[in-house]
Amino acid sequence: MDKIFSVLEILLSLYMVYFVAIAIGVFVKKERIKESNTKKKFAVLIPARNEERVIRNLLVSLKNQNYDYDKYDIFVLPNNCTDRTEEICEIEDVNIIKFEKEIKSKGEVLKLAFSRINEEFKEYDAFLIFDSDNVVHPDFISKMNNVLGSGYRVAQRI
């Protein structure tokens with residue numbers, strides 16, 4: 001019986017050591033994202049449906065990025081708007097991609113925009129997609145440039 005308890009004690013001790021090692025590992029920060037010297041080119045896509053109340057805030061925050069303005073282009077993708085969304089985008093002097101057919105979803109407008117941008121516009125290293133009610137931190141595109149420069153192909157900030 002003592003041997004069984006000794007084996008159990010050893011197993012439980014190893015189990016405890018395992019969890020202590022994991023707990024210590026939580027506090028060790030591994031920096032995988034490095035500062036990139038190369039400035040990548042971004043296409044910023046904003047699907048918008050009746051967003052006149054909020055889209056200007058997003059556009060202003062995107063224009064105030066700590067990143068070279070010539071290294072990213074802003075594209076608003078209005079779909080079935082019945083308000084002043086397009087007018088506000090024209091005032092803010094951003095690219096507007098209009099579609100002839102009726103768009104049924106955000107996914108559909110993005111799919112059409114990707115193909116149109118690849119056909120008609122410059123080459124981009126990455127696409128950034130925002131909802132119209134977002135406001136972007138001034139360092140966001142710089143941070144995404146570092147992520148892309150570190151070899152990541154997909155990133156999501158939540």
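Computation of the quantities below employed the complete heavy-atom set of this structure, encompassing side-chain atoms and omitting hydrogens, waters and symmetry-equivalent molecules.
- Heavy atoms of other residues, nucleotides or ligands lying less than 6.0 angstrom from CD of E123 number 12 at most.
- Annotation: side chain of S36 is not in contact with side chain of L148 (no heavy-atom distance under 4.5 Å).
- Side-chain atoms of Y18 and L14, non-hydrogen and from C-beta on, never get closer than 4.5 Å to each other.
- Of the possible polar contacts, none joining the S150 side chain to the I33 backbone as a donor-acceptor pair under 3.5 Å is found.
- In terms of modelled atom types and a separation under 3.5 Å, the side chain of N146 and the main chain of E35 share no donor-acceptor contact.
- The aromatic ring centres of F140 and F130 sit less than 6.0 Å apart.
- Using a distance-only test at 3.5 Å, with no hydrogens or angles considered, no donor-acceptor pair links the side chain of E52 to the main chain of D83.
- Here R84 contributes atom CZ and I91 contributes atom CD1; the two are 6.0 Å apart, rounded to the nearest 0.5 Å.
- Heavy atoms of other residues, nucleotides or ligands lying less than 6.0 angstrom from NZ of K63 number more than 12.
- For the residue pair K98 and E86, the shortest heavy atom distance occurs at CE-OE1, 2.9 Å.
- Under the 4.5 Å side-chain heavy-atom criterion for Ile, Leu, Val, Met, Phe, Trp and Tyr, I24 and M16 are members of the same hydrophobic cluster.
- No more than 12 heavy-atom neighbours from other residues, nucleotides or ligands sit within 6.0 angstrom of CG on N37.
- Within the model, atoms OH of Y72 and OH of Y67 stand 10.0 Å from one another, a figure rounded to the nearest 0.5 Å.
- Using a 4.5 Å cut-off on side-chain heavy atoms (C-beta onward), L45 and I117 make contact.
- With rounding to the nearest 0.5 Å, the separation of CD1 in I141 from CD in Q65 is 4.0 Å.
- Distance check, rounded to the nearest 0.5 Å: CD of E87 to CD1 of I96 gives 10.0 Å.
- Nearest heavy-atom pair across M144 and A155 is SD-CB, 4.2 Å.
- Residue pairs meeting the side-chain hydrogen bond (donor to acceptor under 3.5 Å, both in side chains) criterion with at least one member in residues 125-137, sequence neighbours excluded, are K106-D131.
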Full working for side-chain contact (heavy atoms from CB on, under 4.5 Å) between I97 and V109: CA-CA 10 Å; I97 298 180; V109 78; over 6 Å; no

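- The main-chain N or O of E92 is never found under 3.5 Å from a side-chain atom of R56 such that the two would form a donor-acceptor pair.
- In terms of modelled atom types and a separation under 3.5 Å, the side chain of N145 and the main chain of K40 share a donor-acceptor contact.
- Note that CG of L77 and CD of E108 are 12.0 Å apart. Values are rounded to the nearest 0.5 Å.
- Remark: side-chain polar atoms of N50 are not paired, donor with acceptor, to backbone N or O of T85 under 3.5 angstrom.
- Counting only distance, with no hydrogens or angles, the side chain of R49 and the backbone of N79 share a donor-acceptor pair below 3.5 Å.
- Other residues, nucleotides and ligands place no more than 12 heavy atoms under 6.0 Å from the NZ atom of K143.
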Check against side-chain contact (heavy atoms from CB on, under 4.5 Å), V76 and L59: CA-CA 9 Å; V76 175; L59 297 176; 4.1 Å; yes

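- V60 and I55 fall into different hydrophobic clusters, where Ile, Leu, Val, Met, Phe, Trp and Tyr residues are linked whenever their side-chain heavy atoms come under 4.5 Å apart, directly or through other members.
- To the nearest 0.5 Å, atoms CG (L112) and CD1 (I103) are separated by 5.0 Å.
- Summarising the local packing, CZ of R53 is surrounded by 12 or fewer heavy atoms from other residues, nucleotides or ligands at distances under 6.0 Å.
- When side chains are defined from C-beta on, L11 does not count as touching Y15, because their heavy atoms never get closer than 4.5 Å.
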Steps toward side-chain contact (heavy atoms from CB on, under 4.5 Å) verdict (I46, L62): CA-CA 11 Å; I46 307 166; L62 285 168; 3.7 Å; yes

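- Across all their heavy atoms, A43 and Y124 have their closest contact at N-CD2, 3.5 Å.
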